[in-house]
Amino acid sequence: MIKFGKGNLRIPKWERPVYIVAGGLTDFRKKYPEKNSCQLVTEALRMAVEENQLKVDPEQIRRMVNWCVYSQFADHFGDQLLAAAKVHDYLGFDPLGNIEVKTGGATGGSSVLAAAQAIASGYASLVPVVGWERMDEVSTKVGNSYIASAACKDFESELGWMYAAYYALMAKRYQYENNVPHESLAKIAVKNHLYAHYSPFSQNPGKYTIDDILKNEVVSDPLTFLECCVMSVGAAVLFLADEETAHQLTDQPILLKAICGGSHTLRTADRRNMPILLLPNETEATYHHFLEGRRHEWPGFSSFLAARMAAYLAYHMAGIQDPVKDFDILETHDAFTISDIQTYEDIGLRPYGRGREFIDSGEAYYEGKLPTNLSGGLIGTMHAVGATGIFQIVELLWQLQGKYDQFHGDPKMWTRYGKTKPADWKSLQVKKARRACAISHAGTGSHVTCAILEKP
Amino acid sequence: MEWPTARLEVLNEEPLVVKNPKTWYHIHSYGGWGRFFKGLRQKIIMATRCTNPTCGEKRLWLPPRSECPDCWHPMEWFEAPQVGTIFTHSVVTYPGELFKLPPGTPLISVEIEGVCTKLMSWLKEGQPLFGMKVKAVFNTEKPTNTILDLAWVPA
């Protein structure tokens with residue numbers, strides 16, 4: 001679709017407020033043979049009900065649940081179709097109704113959206129959103145091939161069998177159009193590996209220099225290994241509730257002001273030109289020079305219309321005027337350094353073509369204007385695909401509740417996962433954080449959700 | 001009854017890890033897009049165009065689509081030009097399993113005049129550059145019967 005009708009841009013609304021009350025995670029590993037998927041989701045669920053200072057005991061919480069949403073990207077990986085039925089059974093939620101959501105890398109975000117719809121409509125009052133992925137049953141090479149099955153198998157997958165290659169094609173074009181030095185991309189990798197260093201949940205922490213990133217082995221030119229997300233095993237759980245239930249469960253409920261979705265063609269190459277859909281902080285003048293001068297096409301290969309669409313709807317739904325000003329913390333789907341820069345533009349942190357300024361200016365760092373991916377993101381901490389979008393919101397929930405230190409700084413959290421808390425650990429708790437945003441993203445931008453959380 | 005003879009190989013005892021082999025194949029139909037793949041055997045690139053007079057999109061679609069996503073009208077087949085320009089490119093050093101091209105092959109996206117989409121493909125000769133003119137070549141000797149039977153070389 002390249003022309004919008006009025007109905008296409010209708011701003012969604014909740015019939016009643018939606019709250020997030022608790023979150024839980026496992027740690028994330030490349031291989032996790034010690035625990036099967038049912039054990040991993042149970043571990044994350046137990047953390048949600050036992051370690052979030054809830055006012056109701058776990059057994060009572062079980063009796064309050066009335067609908068469940070499951071989030072797993074690929075049956076290929078787990079080699080278990082209808083895995084949700086098995087997980088639902090092992091979590092002891094039978095015979096409650098449930099659905100399993102699948103929208104590629106954005107499965108986690110879409111699952112939270114589905115749960116929010118259930119709460120907002122009145123269909124349910126307490127919904128666990130349970131996500132996981134088991135990516136260690138096959139070799140990395142086969143895993144990449146499975147992931148590339150989420151490109152168009154008739155016209156695209158054969159050309160690489162590797163998602164990094166599809167992002168590399170975008171990266172090359174983006175750099176050609178916008179003259180972005182590789183150093184700017186590398187800064188994102190340095191930042192997210194570093195933030196992962198402070199997280200006991202992280203799979204690929206590291207203190208790297210820009211030079212380390214640039215000199216790292218290339219996966220698909222120009223992207224190096226350290227610029228790409230990890231392939232993980234692990235789980236994440238969130239509980240969403242209506243207002244009454246939220247207050248029954250916790251003294252610190254967080255509002256889910258909005259979560260909206262957008263989409264675009266599975267094949268990047270099928271994206272036709274169209275006028276830029278403007279966000280509240282942009283006007284025609286924002287792009288006057290840009291469109292006339294250098295750029296004849298949008299979204300082209302460099303922009304994610306799906307992310308722009310999701311942000312457009314969510315910003316209007318939550319009354320966001322200027323994302324950098326209005327948000328205190330952000331989690332993006334940093335599958336690759338390039339996609340992070342692209343997303344900065346799609347969600348209006350900078351106008352199109354100037355995304356690098358967000359990282360170059362220092363705004364994206366802890367104690368910057370809008371700290372981004374303090375969790376360590378997908379590059380540093382995890383990408384157990386079905387869990388990813390949920391993991392992002394769990395981390396934001398804890399930030400808004402002021403619980404970063406509880407879950408990241410307690411030495412027992414580190415020993416729980418067989419790790420030692422680093423001597424140079426530091427708190428990434430954002431002080432007085434009130435509003436947060438999470439972007440969940442699939443394919444080369446086939447599905448994107450934008451979630452906005454707010455401390456009441 | 002006898003116990004089964006097929007067994008799963010044990011890779012690790014604690015935790016118990018077994019190897020579960022998969023050896024079957026999928027029988028995949030290209031359906032309404034088969035004409036494109038058959039066209040490659042005859043050294044032609046078949047694309048589709050919406051012929052609904054009220055539809056705003058008059059350009060060719062490549063990869064082809066059987067129905068127009070703008071108006072849901074059936075599309076018709078037309079031959080696409082065999083020259084284009086390189087829109088973007090990358091060399092994949094670590095491809096996934098099933099990759100059939102030689103290591104170091106440049107992947108390219110080709111812009112073709114009169115086509116509303118771009119086409120992902122590969123460069124069979126030379127080094128890719130932005131805006132480089134390329135022409136199509138076809139694997140008709142031993143076709144793979146995949147999109148790889150179409151490639152491009154400098155024009």
Side-chain angles (χ1 to χ4, degrees), chain A residues 1-3 31 33-36 79 137-149 151-177 217-225 228 265 267-273 300-302, chain B residues 11-12 14-17 19-20 22 26 28-31 33-34 36-37 56-57 59 61-65 69-70 86-101 104-111 115-122 128-131 144 146-150:
Chain A
M1 181 184 295
I2 54 174
K3 279 185 193 162
K31 292 176 188 292
E34 296 82 0
K35 291 169 191 170
N36 62 50
D79 197 20
E137 287 206 0
V138 292
S139 69
T140 303
K141 207 169 173 184
V142 171
N144 277 314
S145 185
Y146 278 173
I147 295 167
S149 309
C152 168
K153 75 172 187 177
D154 294 296
F155 298 102
E156 261 187 349
S157 299
E158 289 286 354
L159 295 150
W161 285 108
M162 182 69 174
Y163 246 89
Y166 313 142
Y167 272 88
L169 289 165
M170 286 192 279
K172 282 278 214 189
R173 183 71 197 181
Y174 184 92
Q175 286 182 295
Y176 172 72
E177 285 176 353
E217 227 177 331
V218 171
V219 181
S220 192
D221 152 45
L223 300 172
T224 65
F225 272 99
C228 301
T265 60
R267 292 190 297 259
T268 324
D270 277 30
R271 294 171 187 175
R272 292 175 288 167
N273 303 342
F301 258 52
S302 312
Chain B
L11 299 180
N12 193 55
E14 188 53 48
L16 185 59
V17 177
K19 189 168 169 180
N20 194 3
K22 307 266 178 178
H26 280 233
H28 175 56
S29 168
Y30 288 122
W33 308 328
F36 168 85
F37 293 95
E57 186 55 83
R59 295 171 294 177
W61 288 83
L62 189 65
R65 298 178 182 227
D70 286 357
I86 292 182
F87 184 74
T88 188
H89 56 87
S90 175
V91 173
V92 55
T93 322
Y94 287 92
E97 192 73 40
L98 304 175
F99 189 62
K100 298 172 183 70
L101 295 168
T105 304
L107 304 178
I108 56 172
S109 183
V110 185
E111 207 168 14
V115 175
C116 72
T117 53
K118 294 170 191 73
L119 183 66
M120 194 164 165
S121 192
W122 58 290
L129 294 168
F130 286 96
T144 63
T146 72
I147 187 69
L148 301 181
D149 291 340
L150 171 65

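Chain naming here is simple, since letters A, B, ... match the order of the sequence lines and numbering starts at 1 in each.
Contacts between A/Glu217 and chain B at a heavy-atom distance below 4.5 Å involve the side chain alone, from C-beta outward. Proximity to chain A (any heavy atom under 4.5 Å) is shown, for B/Asn12, by neither the backbone nor the side chain. Using a 4.5 Å cut-off between heavy atoms, A/Ala168 contacts chain B through both its backbone and its side chain. Interface remark: B/Thr144 contributes no atoms to any contact with chain A (heavy atom separation under 4.5 Å). For a residue to count as touching a neighbouring chain, one of its non-hydrogen atoms must lie under 4.5 Å from one of that chain's; by this rule A/Tyr163 does not touch chain B. Contacts between B/Glu57 and chain A at a heavy-atom distance below 4.5 Å involve the side chain alone, from C-beta outward. No part of A/Lys3 comes within reach of chain B, as not one of its non-hydrogen atoms sits under 4.5 angstrom from that chain. Interface residue B/Pro95: backbone and side-chain heavy atoms are both found under 4.5 Å from chain A. Using a 4.5 Å cut-off between heavy atoms, B/Leu148 contacts chain A through its side chain alone, with no backbone atom that close.
Contact between A/Ala269 and B/Leu119 at its shortest, heavy atoms only, is CB-N, 4.3 Å. Considering every non-hydrogen atom in both B/Trp122 and A/Leu159, the closest pair reads CD1-CD2, 3.8 Å. What you find for A/Leu169 and B/Leu107 is that their closest heavy atoms are CD2-O, 3.7 Å. The two residues A/Asp154 and B/His28 come nearest to each other via the heavy atoms OD1-NE2, 2.7 Å. In this structure, A/Ser145 and B/Leu98 approach most closely via the heavy-atom pair OG-CD1, 3.4 Å.
Listed options B/Gly56, B/Pro15, B/Pro69, B/Ser90 were ranked by heavy-atom pairs under 4.5 angstrom with chain A; first place goes to B/Ser90. Ranked by non-hydrogen atom pairs under 4.5 Å with chain B, the options A/Met170, A/Lys35, A/Arg267 are led by A/Arg267. With respect to chain B, the highest number of heavy-atom pairs below 4.5 Å among A/Pro33, A/Cys152, A/Gly160 belongs to A/Gly160. Ranking B/Glu111, B/Arg59, B/Arg65, B/Glu14 against chain A, the residue ahead of the rest is B/Arg65, based on heavy-atom pairs under 4.5 Å.
Ion pair B/Lys118/A/Asp270 not flagged as a salt bridge, since none of the NZ, NE, NH1 or NH2 atoms sits closer than 4.0 Å to an Asp/Glu carboxylate oxygen. By the 4.0 Å N-to-carboxylate-O rule, A/Asp79 lies close enough to B/Lys22 to be salt-bridged with it.
The closest side-chain heavy-atom distance from B/Lys100 to A/Trp161 is below 4.5 Å. At a threshold of 4.5 Å between non-hydrogen side-chain atoms, the residues A/Arg272 and B/Trp61 count as touching. Residues B/Ser109 and A/Phe301 are in side-chain contact: their nearest non-hydrogen atoms beyond the backbone lie under 4.5 Å apart. Annotation: side chain of B/Glu97 is not in contact with side chain of A/Tyr146 (no heavy-atom distance under 4.5 Å).
Shown are A/Glu156, A/Glu158, A/Lys153; of these, the side-chain contact (heavy atoms from CB on, under 4.5 Å) with B/Ile147 is made only by A/Glu158.
Classification of the B/Phe37-A/Phe155 ring pair by plane angle, with boundaries at 30° and 60°, yields parallel.
Remark: side-chain polar atoms of B/Thr88 are not paired, donor with acceptor, to backbone N or O of A/Lys172 under 3.5 angstrom.
Geometrically, A/Arg173 engages B/Phe87 in a cation-pi contact defined by less than 6.0 Å to the ring centre and at most 45° from the axis.
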